[in-house]
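Read the structure below first, then the notes.
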Amino acid sequence: MELIVAENINKSYQSGEVSVKALKDISFKIEVASLVSFIGPSGSGKTTLLNLIGCLDKPTSGALKIADTDVFGLDRRKAASFRGKNIGFIFQDFNLIPVLTVYENVEYPLLMVQDVPVADRNKRVMTLLDAVGVADQKDKYPDQISGGQKQRVSIARALVTKTKLVLADEPTANLDHESAYMVINLMKKMKDDLGTTFIFSTHDQKIVGEVETIYTLEDGALTSREDTGRVKDV
Ligand code: ADP
Ligand code: MG
């Protein structure tokens with residue numbers, strides 16, 4: 001089953017007199033419960049594309065369906081609501097709230113959802129903190145833990161509302177090699193356990209060896225799709 005269908009997406013940025021074509025006629029399909037990477041050098045359009053999939057921006061032309069919703073057709077308010085219900089984000093710089101503990105950071109998105117009773121909330125937060133291996137850090141504040149641990153917390157936070165789609169723009173860029181592998185393996189595990197689809201961008205060639213589908217972006221164009229047919233264990 002397809003979760004995402006992108007057709008002929010173009011995106012230009014106007015800065016003064018100059019128009020930059022950041023995405024050129026991009027089309028692809030992504031299945032439910034997959035682990036997909038967009039790879040390409042700096043400036044190739046990765047962030048622009050993820051912002052469009054994340055309903056954070058609109059294209060110059062083209063169509064994008066996520067779970068059968070024409071997301072480019074949504075107005076700002078509806079796009080925000082769709083995003084809140086359907087998409088989780090993992091940020092490169094983690095984006096944890098410094099005045100909240102690890103536990104509270106992960107709990108925070110659930111507090112926005114009215115119908116989660118406190119016992120359920122506690123169970124979900126602790127299950128995820130445990131799954132990402134930072135349960136013992138739950139009472140610490142973000143500046144008291146390492147970069148790898150922060151990224152684990154941000155993955156738990158992205159998953160806590162159980163959205164079927166999680167986006168991550170260069171989630172491993174600020175991590176050492178071991179932590180970067182941990183992040184990819186964690187995505188793989190969560191995909192298998194929960195049926196979550198993960199889409200992330202990277203320019204780290206070693207990391208993409210671990211995913212199922214690799215799309216390559218070059219100068220705004222999608223130049224290849226490689227299906228590795230498996231996710232390697234490391
Ligand atoms: P990547 O994430 O792969 O580094 P980006 O999507 O950030 O690539 O950028 C793609 C192209 O679009 C680059 O040429 C970049 O300079 C340009 N670009 C990105 N954002 C803007 C913007 N807000 N205004 C003007 N140009 C932009
Ligand atoms: Mg980028």
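Note that ligands are numbered from 1 as they come in the structure, with each ligand's atoms numbered from 1 the same way.
The distance from ligand 1 to the heavy atoms of Ser42 drops below 4.0 Å at these ligand atoms: 4 (O).
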Verdict with reasoning, Leu165 to Ile87, per side-chain contact (heavy atoms from CB on, under 4.5 Å): CA-CA 5 Å; Leu165 175 61; Ile87 307 175; 4.1 Å; yes
Candidate pair Asn8 and Ile26, rule side-chain contact (heavy atoms from CB on, under 4.5 Å), full reasoning: CA-CA 5 Å; Asn8 307 105; Ile26 303 277; over 6 Å; no
Side chain to side chain donor-acceptor pair (under 3.5 Å) between Thr101 and Asp139, intermediate numbers included: CA-CA 5 Å; Thr101 64; Asp139 296 323; 5.3 Å; no
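Nearest protein heavy-atom contact of atom 8 (O) of ligand 1 is Gly45 N, 3.1 Å. The shortest contact between atom 5 (P) of ligand 1 and any protein heavy atom is with Thr48 OG1, 3.7 Å. Scanning the protein heavy atoms around atom 12 (O) of ligand 1, the nearest turns out to be Ala22 CB, 3.4 Å. Closest protein heavy atom to atom 17 (C) of ligand 1: Tyr13 CD1, 3.9 Å. Looking at atom 4 (O) of ligand 1, its nearest protein heavy atom turns out to be Gly43 N, 2.6 Å.
Here the Mg ion (ligand 2) has protein N, O or S atoms under 2.8 Å from it, and they come to 1.
Thr48 and Asn51 share no donor-acceptor pair across their side chains, judged by distance under 3.5 Å alone. Residues Ser37 and Thr202 bring no donor and acceptor atom of their side chains to less than 3.5 Å of each other.
Residue Ile30 comes nearest to Ile199 through the heavy atom pair CD1-CD1, 3.5 Å, listed as atom of the first residue, atom of the second, then distance.
In this structure, the ring of Phe38 has its center less than 6.0 angstrom from the ring center of Phe28.
A salt bridge is absent between Lys65 and Glu7: the closest approach of a Lys/Arg side-chain nitrogen to an acidic carboxylate oxygen does not fall below 4.0 angstrom. In summary, Lys21 and Asp219 do not engage in a salt bridge, as defined by a charged side-chain N under 4.0 Å from a carboxylate O. Ion pairing between Asp93 and Lys150 fails under the 4.0 Å rule for side-chain N and carboxylate O. Taking the charged nitrogens against the carboxylate oxygens, Lys138 and Asp136 have no contact shorter than 4.0 Å, which rules out a salt bridge.
Residue contacts with ligand 1 for Val20 involve side-chain atoms from C-beta outward but no N, CA, C or O (heavy atoms, distance under 4.0 Å).
For the ligand labelled ligand 1, residue Pro41 lies inside the 4.0 Å heavy-atom shell. Under a 4.0 Å heavy-atom criterion, Gly40 is not in contact with ligand 1.
Annotation: Thr47 places an N or O atom under 3.5 Å from an N or O atom of ligand 1; distance criterion only.
Atom 20 (N) of ligand 1 lies below 4.0 Å from at least one non-hydrogen atom of the protein.
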